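To start, the structure itself, in structure tokens.
Since this is a predicted model, take the numbers as computed values, not measurements. By convention in this document, chain letters (A, B, ...) are assigned in the order of the sequence lines, proteins followed by strands, and residues within each chain are numbered from 1.
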Amino acid sequence: MNAVSIVIAIFVVLFTVGGLFFFTTSTIGLLRFPDFFTRLHATGKGDTLAVLFSLIGIGIYEGLSLTGFKILLIAVFMFLAQPTATHAISKAGMRCGLQPWKKEDNRK
Amino acid sequence: MKIVNLILVLCIGGFLIYGTLDMPGWGDPDSPASKHVSPRYIQKTIEETATPNMVTSILADYRGYDTMGETTVIFTAGMACILLLHGSIRKNRND
Amino acid sequence: MNTFFLVIGIGLCVLVFFVLYRVVFGPGVFNRIAAISAIGTKTLVIILIMGIIYNRIDMFVDISMVYALLNFIGTLAAAKYLEIGGEK
Amino acid sequence: MTDQAPIIIIIIPLMFALITPLLGWIRKNLCYPWVLLSITISALSSFIILRTVLLRGVIHYRLGNWDPPWGIEYVIDHLNALMLVIITVISLIVAVYSKKSIQREIPDKIVYFYTIFLLQVTGYLGIVISGDLFNIYVFLEIASLAGYSLIAIGDERAPYASFRYVVMGTIGASFYLLSVGYIYSVTGSLNIADVARLLPDLYNSNVILTALVFMFAGIGIKMAVFPMHAWAPNAYTHAPSAVSALMAPLMTKVAAYLMIRVSFTVFKPEFIIDVISLNSFISWIGAVGVLVGSIFAIAQNNLKKMLSYSVVAQIGYIALGIGLANNYGLTGAVLHIVNEAFTKGCLFLVAGGIVYRLGGCNINDFKNLFRKMPFTMTAFTIGAFSLIGIPPTCGFFSKLYLILGSIEADQWIFVGVLLFSSILNVIYFFRVIQVAAFEKQMPDHSREGPYEAVVIDEVPLTMLIPIQVTALGILLCGIFSTEIISAVIKHVIPVSF
Amino acid sequence: MIDFIIERYNFWIYIILMMIGLYAMITKRNLVKKVIGMNIFQTAIILFYISLASKRGGTLPILEHAHGEENLTVDVSNYINPLPHVLMLTAIVVMVATLGVALAILILIYRKYGTLEEDEILKKMQ
Amino acid sequence: MEVTLLIEAMDSSFRLLEDAKNQAVDIMNSAVRLTSETRIIEEKKLANIFKGAQSRRAVLQNVMATFVILFGFWVVLSGKFDLFHLTLGFICSLVISMLTHNLLFANVRVGDIKLTIIRFVRYLPWLIYQIFVSNFYVAYLVLSPKMPINPQIIRFKTKLESDISWVVLANSITLTPGTITMDIKDGEFYVHALAKKVADDLNAGEMEDRVAHIFMEADHIYVQDVLDVSPIFGVLRKGI
Amino acid sequence: MIRKTDDIIIRTVARILVPFIQIYALYVIMHGHYSPGGGFQGGVILGASIILLLITHGLVETTKKISERAIAIFSSIGVFIYAGIGVLCLLLYGNFLDYSKLSVILNVTPAEARSMGILGVEIGVSFTVMAIMISIFISISTTEDHSKYDKEHY
Amino acid sequence: MITPFNLIILIFVVICAITAITVKDLLSAVMILGAYSFFMCLMWTEMGAVDVAFTEASVSAGIGTILFIAAIIKTTRRSKD
């Protein structure tokens, strides 16, 4: 266990735990937020960063190889696909006439 | 009626549980399933088919005839869908 | 290191369990779809972690890639259906 | 090239089926001779195989040149060869017949109909010829999928009947798959011969018992034996007539073949009879099925529906014969498979012809039909005689053997059931013949003058010839039944009987 | 006894799933629900087969050192039994094919009767 | 030798089309200043003008560019560098690039591809930083017991013109937590914001400026639909 | 379902992703020997890419790329390749699907001939699967409109 | 096979299956069936059946859900049970 591998291990742990943290926040957001659009905020994109973190962590663990590059590509595709899916579903929600939750409503 | 069906389903499940009781345990490396036929696939896949992925070599070579049947199943399904739904006038082509 | 990744994976599974609450009880189809797409992302990471535990990650990357590329098609189709059909 | 005859039987209909849709773009009319050509080649090679088997015994054909437990092999013994000949002949007859009938019933879907027709024949042949448990499942699914879609293009109610069939058929096929898994889990093999070699040591385990029961349940659903017959009558009634003429004789018979294969080759008869004595259960189910099918058939007004219930009853006969599990009983069952294939083929073809002419199948509309369609109705009468069991036809001999088997097994109730069901058969067929032959057109009081002369309104030649050929087949099977038994069926009986 | 149950829990779960699917197929009146039940039912059987294949301490059925080494001896107990996987690939294909045909028939039924509820269809038939 | 010949033949044929291109660029530049309704009509005209010119050169360029990208992707995926697999990869990416040449580079309205890529790469860190920061903000929102959220839908009209920049802007908005692009109608973005702070951030328009900077819309340079790979050819010829 | 979306984001992203999905599918088909995957999976992914194009760009635009007639030809040709390789082995005095007999033509050892045979078979499978998946989807979602019972979806 | 994962995922699978057949809205049921397929895929990777998992992933994500949705569009979304 030389110094380099310790540093790598630290980075791996850092990134993966960071990913887990953001996953946790997005899940809590999904459970706590009041309506569909706000929940979409939590899941649709909190997850994106979390996935990026986790993938970077796993990629560092895997080292500089083609597999690591592939993992990076997965992240790229997630960045393309995930916001699009979020956008599509939120647009469908708006077109269907789902009313966004307002803070004022809550006070009444 | 629902109760009758439920009892029927439970009977089938109970019978399956009865049948599973003396099955080799889950993940047992000495079960007959892992001892009788499959070792040859694992040992000789490189030697006989030059393919490291055993699943592929079994799928397309040792049991290739099954896979031909499988492809025919897919073909049949496609033709069946066309047979059932095609032939009527297609008005909304762009829906 | 394997134990660490195992713990992370189990943590993700527990998170999936909470997301499943929205899938089961979530009012309306929209919440369910949002929750299911969240499950999709977590699944992707869990598959990679399993790859690490099996020590054969190059085999598991492909499955993750399939999810990254194809998972949003289902959501798109559902969104399109909702746009056409409307909330009923 | 005779070495390769087993594969030619399968591969020719398959490859011809692939080209059929492309051929349909060029000319729709080309499909019909194309289908005939392919099934003819297949039939010829099945005859070659039957001859080879009779001369030289069991044929083994290794696909991909792998040794049996690892690869898939064809094992063709006498029973297989007989079934292959029956399937190819019946499907050739139905294919000849289908020309006019399909043009009348589904004119805009001819091309795809013929494609799926060929695929279905491929499925049947593949089930019968294969010597591997899982391979049978795959081909069973080909045949079933083709069957679902062919039934669904029938009349108004056909889609719903077909959907019921999808649900039931999937349950059946999945049960079959499940039991293959159970067998695999304790033997580790899928090849029938290998499994049969390994099984006797395991006869007292729960797993094998479960596997057997589920396999019988799965095949029973496909075969439409009595408690699981709910899908069959509607499906066969509402399908196009060519389809019901193909499926009613063949699908159930193929499943019956599978049941014989499972009972006496995969599992040894000793297991079935001595260890768990499932056979008496099967024969009881068969006996109840005979009665229920016959009684329901009497209640029907629609000829096709009546015939469909009759299928259920006849399946009961076969199950009864299998369950008796002695020499006579099994001989009777196999002979009844042959007989049933021709008889039901003939009757459904006649029903299709009547639909072609009258536009419907209600028995009350059959007045004067004997005058209008003499040849067709003669064939119908022969078929009816065969089902009732009147001597020169094949049905007499198969019932005779079944009764002998019942006597040998000391099951006098079954003798009673068989005789009683013959009387029921007489009742429901006599109704049809009476309406068609003796009931005159009711005098039309509103009109004056003499009645119109009866016009002979026979079905077209492409439909008439198949009908006559099947009728002839019934008679020939009856006349040469002893030869069939001594040449083929004798070898099918397990040695322990 | 407890060990006995725990040793085979995968099988119990597969039986539960199969019962769920079978129940949906038999009891539910909505035809789409029946198709969903069909899917679950078939997946349960696949689960059973894959459980048969698994081997304690085994790795994936893909050889690790692919090329170059002649006469390499492969330890059988290191690799999971690949045969059930192959069978289940075929079963999944059959599943998809059945799904397609069932959905096509479902559309035909809706076209004729305008409903997907079994009791309403039966009512409209008479 | 053949390569030089091929490139020269290409080059001469390109030069023939130069006039058409210049003309089109003029029309385009004037077109973008018009209102949005007339813009569509002008685009159609432009498309007609370019139909002839596009047919060979544009297709060839698109195929080349797609092929290069896809082949790179293949090599990364494959990880096997023997001749057999590289040949397979060559054939596969050639087939796919023939089939999909007008998908990857359909409406990319860029002036200088190199500059755009450089600017886009420079844009990414900023984006990731933004994502990072606002993700923490959302985490704060989620975890704080009172949950001080105040959702609101804001609507703004973008000054961006081209499709691709819209897409980049919309996806960037969606990626930064706190905001989701809900709809785009006639150049108007409907954005759902989680709290007032993020809405204000968005209204400042920094992201929009940056996106405009990438695609050189701030400079009002609009060149044709086609990716311009002629610099690559120039490099090739110099090398030979 | 098969209608062009009016949403520019979805359209653009789908357009960008489709070539990558396709090349990935081809990778899966060709590398079935070394990593998970093979003809069926690759065929499904190819079909999914075309389906993505169908639900975002509409039928008309997609059929410019791959016409319905081409889909029908592909679906037949796939199984035909499979059975054809088998028959080729038959003609080389082997049993059906005995790929090792192909070594005469390909001039390699029997084991490698089997490997090549597997590759050819997988390509055949992928053709059929792709074409059938697309055609099932098209025939389900372009059937005649029978909305006399409920008009809500149109 | 990784036992802790297996236990957790089996619970998920059963929950998803029960929800899919009890929920009244057909679109929800179909989407939940998609999630069920996710978990099945996860389980198969966990048991080492990579090829089966790959097939399940591509089938469920690429074809299954979409075919269901297309069929629901052509028919109806309401369900009595």
**Prompt:** So which part of B:Ser57 gets closer than 4.5 Å to some heavy atom of chain E, the side chain, the backbone, both or neither?
**Reply:** neither

**Message:** Which one wins on heavy-atom pair count under 4.5 Å against chain B: E:Leu99, E:Thr90, E:Ile105?
**Reply:** E:Thr90

**Fill in**
Of all heavy-atom pairs linking E:Lys28 and E:Glu118, the shortest is O-OE1, 4.2 Å

**Prompt:** What pair of heavy atoms forms the shortest contact from E:Tyr49 to E:Met88, and how long is it?
**Reply:** CG-CE, 3.3 Å

**Complete:** Minimal heavy-atom distance between E:Lys33 and E:Ala24, with the atoms involved, is O-CB, 4.4 Å

**Request:** List the atom of E:Met18, the atom of B:Leu16, and the distance in Å for their closest heavy-atom pair.
**Result:** CE-CD1, 3.3 Å

**Message:** Please classify the contact of E:Leu87 with chain B as side chain, backbone, both or neither, using a heavy-atom distance under 4.5 Å.
**Reply:** side chain

**Request:** For the residue pair E:Ser54 and E:Ser51, confirm or rule out a side-chain donor-acceptor distance under 3.5 Å.
**Result:** no

**Item:** Side-chain donor/acceptor of E:Asn81 to backbone N/O of B:Ala33, under 3.5 Å
**Value:** yes

**Asked** Where does B:Ile17 contact chain E at under 4.5 Å (heavy atoms): side chain, backbone, both or neither?
**Response** both

**Fill in**
Applying a strict 4.5 Å limit to non-hydrogen atoms, the region of B:Leu21 in contact with chain E is both

**Shortest non-hydrogen contact between B:Thr67 and B:Ala60, atoms and distance** = OG1-N, 4.4 Å

**Fill in**
With chain E, the option among B:Leu10, B:Thr20, B:Thr56 that has the most non-hydrogen atom pairs under 4.5 Å is B:Thr20

**Asked** So do the side chains of E:Leu83 and B:Tyr41 get within less than 4.5 Å of each other, counting heavy atoms only?
**Response** yes

**Request:** Could you check which of E:Gly100, E:Ala97, E:Pro61 has the highest count of heavy-atom pairs closer than 4.5 Å to chain B?
**Result:** E:Pro61

**Message:** Need one label for E:Ile26: side chain, backbone, both or neither, based on atoms under 4.5 Å from any heavy atom in chain B.
**Reply:** both

**Prompt:** Looking at B:Ser34, B:Gly69, B:Ser31, B:Ala80, which one has more heavy-atom pairs under 4.5 Å with chain E than the rest?
**Reply:** B:Ser34

**Asked** Does any heavy atom of chain B fall under 4.5 Å from the side chain of E:Leu22, the backbone, both, or neither of them?
**Response** both

**Request:** If the plane angle is over 60° it's perpendicular, under 30° parallel, otherwise tilted; pick one for E:Phe11 and E:Tyr14.
**Result:** perpendicular

**Request:** Write out, in numerical order, the residues from residues 71-78 of chain B with a heavy atom short of 4.5 Å from a heavy atom in chain E.
**Result:** B:Val73, B:Ile74, B:Ala77

**Asked** Which heavy atom in E:Pro82 sits nearest to a heavy atom in B:Val55, and how many Å separate them?
**Response** CB-CG2, 4.3 Å

**Message:** Looking at E:Glu120 and E:Arg29, is any side-chain nitrogen of the basic one under 4.0 Å from a carboxylate oxygen of the acidic one?
**Reply:** no

